[in-house]
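For clarity, every value in this text was computed on a predicted model and none was experimentally measured.
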Amino acid sequence: CKPVLNILRSLSGTKWDCGTNSILNVYKSIVLSKLDYGCIIYNSAAATTKKKLDTVQYFSLLIATGGLKSTSLGNLLAECNQTSLQHRRDCLILKYLIGLELNPENVANNVLKDTKFFQLEANYKSNYKIEINRLFCKLGITLPNKPCKTEPPWSDPFQNILLDDDIKTQDIYSSQETFQNYLASINKVLVFVDGSKTLENSGIGVHIPIRNLRFQYNLENYHSVIYIEIFAIWKAILLLKELNIVNGAVFSDCKQAIDCISFAHVRKQNALICSDLIWNIRSEINSGKIFVGWIPKKLEILDHKIADILAKTSKNGITIKTDIEKMEILSLLNMHFNDIWLKSWSNLRGIADYVKITGFPNLTSRSKLYADLNRKDEKMLNRIRLCCCKLNFYLTRLGIKQNENCEICNSVDDINHFMYYCTKHSDLHNSLNSYCHKNNIPYDTKVLFSTRDTLLIILSYITKQNLSL
């Protein structure tokens with residue numbers, strides 16, 4: 001990996017103006033891909049052997065951020081939104097094994113089966129299978145036994161589906177009035193559906209205006225948005241059956257959901273997530289009794305607004321237990337792995353300062369935080385956020401300086417001192433205090449280091465004072 005690290009070093013020069021995000025993308029492409037390759041095989045190697053790969057990761061992230069050599073690996077991982085290589089290997093292996101479990105026809109699926117040694121009269125239990133079952137039990141999910149239905153990509157689009165995919169239908173969507181006229185002309189029982197997903201709740205709303213019926217249902221929160229939207233259409237079809245309504249038309253504002261139902265090859269990932277639901281809906285459409293259509297939210301149809309409100313307030317509605325779709329298991333696993341990583345990260349050495357000054361890892365977009373900054377400025381801010389810059393306290397760790405105290409205040413010269421107490425930088429403190437007071441935000445490093453405007457104030461002061469951090 002040394003030649004690859006040299007490429008990263010070349011890109012990290014201040015004259016190139018290559019940002020941290022760009023270097024991280026190169027790192028993921030040419031370094032991380034090599035470290036991931038074959039990890040299921042070499043994961044059984046000794047911990048000391050695998051530590052050599054951690055060194056490659058450390059120097060790659062150090063180059064990307066422009067950090068000093070004494071920077072903690074935990075800080076770098078948090079700042080670059082990365083995980084440790086061991087955690088990444090565990091996740092990749094489990095995802096691969098689950099992929100085998102979901103595809104019995106794969107030749108490698110045999111590693112999940114028990115092996116019988118007749119001559120020894122022994123039965124070897126697959127450790128991989130035991131590991132998968134333990135994980136599923138922990139997550140409380142059960143794999144559906146029904147096979148995943150697929151369709152060739154050259155399939156014709158389904159009929160009785162309304163989309164803006166030709167000139168005739170585009171005229172229907174031109175205005176609210178034309179769409180209302182269309183709804184009045186189709187001579188069907190109109191049903192309006194919508195789905196909603198928040199951090200706390202997932203639900204659907206169904207509104208049948210002609211019968212003045214409104215339904216609210218609460219779903220499991222691990223479902224994806226596309227699944228919820230498609231399930232809303234399927235639930236509306238089931239309600240039409242229960243009410244003995246033969247000629248029904250279901251309208252949803254989720255174009256992706258209608259695309260998945262209409263074409264087998266459109267948005268393949270979404271179609272796979274909801275394969276069973278889509279097949280059930282298509283069978284009803286093929287019978288000629290059900291019509292499904294897209295209704296743009298911008299038209300602001302009142303009946304659809306009611307369905308939208310029902311979905312958003314569905315927390316107290318009827319709870320429906322639904323089978324988890326096979327492809328959705330991966331998104332649930334990602335959430336599980338993220339929780340594990342946060343717990344593991346909090347136990348890493350050397351992160352105490354980062355937690356105190358910057359806070360726990362977050363998903364704040366670096367591109368928005370550091371937009372339009374040159375490499376030199378970005379590097380300086382990275383070092384401050386990483387809690388390892390050219391202040392006396394950190395230079396003492398490197399053995400460059402003998403005294404860790406500030407020359408003026410005679411206190412430990414670290415980030416905390418620089419941002420709060422040092423009398424030499426009182427102008428900076430006044431500027432930040434003024435901004436915080438004006439915008440009603442606390443004068444706290446966790447807030448200051450995650451807000452673009454305050455970072456620019458800090459950067460402006462450092463540049464003006466010609467400080468080398």
> Is there a donor-acceptor pair under 3.5 Å between the side chain of D114 and the backbone N or O of S126?
Replying inline: yes
>> When you measure from the side chain of R9 to the backbone of I63, do you find a donor-acceptor pair of N or O atoms at a distance under 3.5 Å?
In response: no
>> For L310, is there any backbone N or O sitting under 3.5 Å from a side-chain donor or acceptor partner on Q216?
In response: yes
>> Applying side-chain contact (heavy atoms from CB on, under 4.5 Å) to I462 and I384, what does each step give before you reach the verdict?
In response: CA-CA 11 Å; I462 291 171; I384 294 172; 3.6 Å; yes
>> Closer than 4.0 angstrom, basic N to acidic O: yes or no for K129 and E101?
In response: yes
>> Measuring from atom CG of D453 to atom CG of N439, what distance do you get when rounded to the nearest 0.5 angstrom?
In response: 7.5 Å
> Distance from L85 atom CG to L73 atom CG, nearest 0.5 Å?
Replying inline: 8.5 Å
>> Is there a side-chain contact between L469 and L391 in this structure, where contact means two heavy atoms from C-beta onward sitting under 4.5 Å apart?
In response: yes
> Once the angle between the rings of H425 and H429 is folded into 0 to 90°, is it parallel (under 30°), tilted (30 to 60°) or perpendicular (over 60°)?
Replying inline: perpendicular
>> Within the structure provided, determine whether I320 and K235 are in side-chain contact (heavy-atom separation under 4.5 Å).
In response: yes
>> Please check: side-chain N/O of T358 versus main-chain N/O of R385, any donor-acceptor pairing under 3.5 Å?
In response: yes
> Salt bridge or not for K95 and D36, using N-O below 4.0 Å?
Replying inline: no
> Which residue, T65, T20, L455, L386, forms the side-chain contact (heavy atoms from CB on, under 4.5 Å) with L381?
Replying inline: L455
> Under 3.5 Å, is there a donor-acceptor pair between the E378 and N382 side chains?
Replying inline: no
> Per the side-chain contact (heavy atoms from CB on, under 4.5 Å) rule, which among D253, I258, I204 passes with E229?
Replying inline: D253
> Do E407 and N392 meet the criterion of a side-chain donor-acceptor pair at a distance under 3.5 Å?
Replying inline: yes
> Roughly how far apart are L92 CG and I40 CD1, rounded to 0.5 Å?
Replying inline: 9.5 Å
>> Any side-chain to backbone donor/acceptor pair from Y443 onto Y420? Under 3.5 Å, distance only.
In response: no
> How are the rings of W341 and H87 set to each other: parallel, tilted or perpendicular (split at 30° and 60°)?
Replying inline: tilted
> So, K343 and D339, do they make that salt bridge, N to O below 4.0 Å?
Replying inline: no
>> Give me the atom names and distance for the closest heavy-atom approach of L100 to N109.
In response: O-ND2, 2.6 Å
